[in-house]
Every structure is written in structure tokens, then in C-alpha cells.
Amino acid sequence: MTLTDSMMQKFLEPGLWFYKTYQPMTDISKMVYELSVKNGVPVTVLSSCNTRIQQSIIAMVKKDCIDAACNENERNWLEQEMSEYNTHGFFFHPQEMNDYVENGSFWSNYVHFNDEEWLNFSCCPYNVVIIEDIHVLCDYEGETDLANTLPLLQADAIERNKTVVVFLLDNASEIIAHFIESHLFY
């Protein structure tokens, strides 16, 4: 996933956005990578697969580092050094890669993983919130009907200056389909 200019613009527009996907973990990882690693935008991620997302992002950063090598010798050396991470859990060289290890500074400064089973804005320290599944929204402020929840959530997100991107794996019911279609991310 490469974030287009129109997608980047939507991150500046508080509210509720939906992203249709067939592979949510891969797309969430790519979105966080593009936003946080490439553009320095801090995000909160509500997902049940935080470790998988984190490992995927580390793999993308490792690939970037290796791809930036000046020649074949440096590339081979970097690949060897990067493989040490799998054994030791940290990088000897290049040391800046340690920002991305499990407890590295990148995760505390740019990506906050939230294990909550529902959306609570007070637990989302950053203005961009990425949600793995629409079912996280099913019990928002005591409201369990998504048809009523989505407009309420939209208003709250705007009021709190939060951009919320919800990944959709399956088709939405017809009751909420119109709301979702008018709030598609791409």
C-alpha cells in the first residue's frame, strides 16, 4: 500500500473512515509503516494481532535498510547483521535499527498498541486511530446498534480531532452500507 495524496489528506480530516480489505493485518502493517516510519505520523492501533503487525513493520524496515546498501558486499553484511536480530532480539549493527525492536523508542513515540476490545478515545493518545475490525465499534458509549453508533462516533471523532480508520473485512449490512460508502478511505 502506498498512501496517495488524497489518502494523506483524509488523515488531516477528523472523522470516521472505512478501508475495505481482504487482508487486514497486511494492510494495517503497511498503513502504519507508511504513516509512522515513512512520514513520522504517530498512530494508535486497536488490534488483536499487535505482535504480528509489529513483526511485519520490522521486516519492512529491515528490507529498506538492506535495499539502501551501496554495493553487494554491504548488502551481504547487512543481511548477516539483520539475521542476528532473530537470534538475539536486538541489532548489533546498524544500531539505529534498535529503535524498532519490540521495546524500542519507535513503538513508544510513534505507535501505541491498544488491546481494548472496544473504542475508547481516552485510551488513544494520538490523533490517528487505526482499527482492525468494525466489531470494535459495536459497543460505543453504551450504544450497540451500529446504525446509531456510526453517526455518534463520527461526531465524537470530529469533536476530539481524531481520524479513525476502520478496516472492513466483510460486507456491511444494508442499514450501515450507505454510511460506510460515504466514508470510504480511498
Side-chain angles (χ1 to χ4, degrees), residues 1-13 17 19-117 119-133 136 161-169 185-186:
M1 162 191 303
T2 301
L3 296 177
T4 64
D5 289 340
S6 66
M7 293 168 101
M8 288 301 289
Q9 184 63 34
K10 287 189 178 173
F11 283 113
L12 301 175
E13 297 176 31
W17 301 101
Y19 187 92
K20 292 184 179 180
T21 182
Y22 292 108
Q23 47 188 2
M25 289 309 105
T26 300
D27 287 339
I28 289 172
S29 298
K30 289 177 181 177
M31 183 177 282
V32 171
Y33 171 78
E34 287 287 326
L35 279 173
S36 300
V37 175
K38 292 291 192 180
N39 292 296
V41 176
V43 300
T44 300
V45 179
L46 275 74
S47 172
S48 60
C49 300
N50 297 338
T51 302
R52 193 167 139 204
I53 293 168
Q54 194 175 43
Q55 290 170 348
S56 179
I57 292 168
I58 291 169
M60 287 183 250
V61 173
K62 287 169 57 175
K63 182 182 179 319
D64 280 353
C65 187
I66 292 169
D67 289 349
C70 297
N71 57 46
E72 190 65 31
N73 287 338
E74 183 181 8
R75 187 178 300 50
N76 291 338
W77 175 78
L78 281 169
E79 286 176 350
Q80 176 60 38
E81 290 298 318
M82 297 285 178
S83 69
E84 293 296 320
Y85 169 74
N86 299 332
T87 306
H88 301 289
F90 62 91
F91 296 93
F92 292 108
H93 301 285
Q95 290 197 354
E96 63 270 11
M97 287 295 295
N98 286 315
D99 291 349
Y100 298 97
V101 298
E102 188 174 319
N103 294 315
S105 62
F106 174 77
W107 304 108
S108 59
N109 294 328
Y110 288 97
V111 180
H112 172 76
F113 286 113
N114 189 332
D115 294 335
E116 296 289 326
E117 293 182 17
L119 177 60
N120 179 353
F121 281 125
S122 62
C123 295
C124 300
Y126 302 124
N127 287 343
V128 175
V129 181
I130 299 172
I131 299 175
E132 172 187 346
D133 188 7
V136 170
N161 197 33
K162 302 282 187 184
T163 302
V164 180
V165 179
V166 180
F167 281 74
L168 293 174
L169 185 56
F185 186 70
Y186 40 81

Novice: Among residues at least two apart in sequence or on other chains, which ones pass side chain to side chain donor-acceptor pair (under 3.5 Å) with E72?
Specialist: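 Side chain to side chain donor-acceptor pair (under 3.5 Å) list for E72, sorted by chain: empty.
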Novice: For a 4.5 angstrom cut-off between non-hydrogen side-chain atoms, does L78 reach H93?
Specialist: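 No, side chains not in contact.
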Novice: Just wondering, do V165 and F11 contact through their side chains at under 4.5 Å, heavy atoms?
Specialist: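 Yes, their side chains come closer than 4.5 Å.
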Novice: Using modelled atom types only, decide if a donor and an acceptor are shared between the side chain of K162 and the backbone of C124 within a distance under 3.5 Å.
Specialist: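 It does hold such a pair.
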Novice: Would you call M97 and Y85 a side-chain contact if the rule is heavy atoms closer than 4.5 Å?
Specialist: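 A side-chain contact under 4.5 Å is absent here.
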Novice: Without swapping roles, check the side chain of S36 against the backbone of V41 for a donor-acceptor pair under 3.5 Å.
Specialist: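 Looks like yes, one N/O pair under 3.5 Å.
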Novice: Which pair of heavy atoms, one from V43 and one from Y126, lies closest together, and at what distance?
Specialist: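 Shortest heavy-atom contact: O-CD1, 3.2 Å.
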Novice: Is the shortest heavy-atom distance from the side chain of F167 to the side chain of I130 under 4.5 Å?
Specialist: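 In contact.
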Novice: What's the separation between atom CG in N103 and atom CG in N98, rounded to the nearest 0.5 Å?
Specialist: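 If we round to the nearest 0.5 Å, N103:CG and N98:CG are 11.5 Å apart.
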Novice: Compare all side-chain heavy atoms of V61 with those of F106 and state whether any distance is below 4.5 angstrom.
Specialist: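 The answer is no, as the side chains (C-beta and beyond) never meet within the 4.5 Å cut-off.
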Novice: Do the non-hydrogen side-chain atoms of Y19 and M7 ever get within less than 4.5 Å of each other?
Specialist: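 Side-chain contact under 4.5 Å: yes.
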Novice: Tell me if a side-chain donor or acceptor on E132 pairs with a main-chain N or O of P24 at a distance below 3.5 Å.
Specialist: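 Not at all, since once roles are kept as given, no pair shorter than 3.5 Å links the two residues.
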Novice: Between atom CZ of R52 and atom OG of S47, what is the distance when rounded to the nearest 0.5 Å?
Specialist: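 R52 atom CZ to S47 atom OG measures 8.5 Å (nearest 0.5 Å).
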Novice: Which heavy atom of I66 sits nearest a heavy atom of E79, and at what distance?
Specialist: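 Heavy atoms of I66 and E79 come nearest at CD1-CG, 3.6 Å.
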Novice: Looking at every heavy atom in both S29 and I57, which two are closest together, and how far apart are they?
Specialist: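 That closest heavy-atom pairing would be O-CG1, 3.7 Å.
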Novice: Minimum heavy-atom separation for V101 to I58, with atom names?
Specialist: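 It is CA-CD1, 4.4 Å.
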Novice: Is the shortest heavy-atom distance from the side chain of E102 to the side chain of W107 under 4.5 Å?
Specialist: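 E102 does not reach W107 side chain to side chain.
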Novice: At what distance, to the nearest 0.5 angstrom, does OG1 of T51 lie from CZ of F113?
Specialist: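 The distance works out to 8.0 Å.
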Novice: Taking all atoms of both residues into account, what is the closest heavy-atom pair of V111 and V32, and its distance?
Specialist: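 Where V111 meets V32 most closely, the heavy atoms are CG2-CG1, 3.7 Å.
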Novice: Under the ring-ring contact (aromatic ring centres under 6.0 Å, His included) rule, what pairs show up with a residue in residues 46-74, not counting sequence neighbours?
Specialist: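 ring-ring contact (aromatic ring centres under 6.0 Å, His included) check on residues 46-74 returns no pairs.
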Novice: Flag yes if more than 12 heavy atoms outside D67 fall under 6.0 Å of its CG atom; otherwise flag no.
Specialist: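 Counting neighbours around CG of D67, more than 12 heavy atoms of other residues, nucleotides or ligands fall under 6.0 Å, so yes.
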Novice: Can you establish whether the number of heavy atoms outside F91 located under 6.0 Å from its atom CZ is more than 12?
Specialist: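 Counting other residues, nucleotides and ligands, CZ of F91 exceeds 12 neighbours.
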Novice: Is a side-chain N or O of N127 found less than 3.5 angstrom from the main chain of T163, in a donor-acceptor match?
Specialist: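 No, N127 side chain to T163 backbone: no donor-acceptor pair under 3.5 Å.
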Novice: Could you tell me which non-hydrogen atom of N73 sits nearest to which non-hydrogen atom of N71, and how far apart they are?
Specialist: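 Distance-wise, the nearest heavy atoms are N-OD1, 3.1 Å.
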Novice: Roughly how far, to the nearest 0.5 Å, is CD of Q55 from CG of N50?
Specialist: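 Output value for this atom pair is 11.0 Å.
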Novice: Please examine the side chains of S56 and M25, heavy atoms only from C-beta on, and report whether any two atoms are closer than 4.5 Å.
Specialist: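 Result no, sub-4.5 Å side-chain heavy-atom pair not found.
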Novice: So, taking the atom named CG in N114 and the one named CG in N120, what distance separates them when rounded to the nearest 0.5 Å?
Specialist: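 One gets 8.0 Å once the value is rounded to the nearest 0.5 Å.
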Novice: Can you tell me how far the OG1 atom of T44 sits from the CD1 atom of I131, to the nearest 0.5 Å?
Specialist: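 Spacing of OG1 (T44) from CD1 (I131) equals 10.0 Å.
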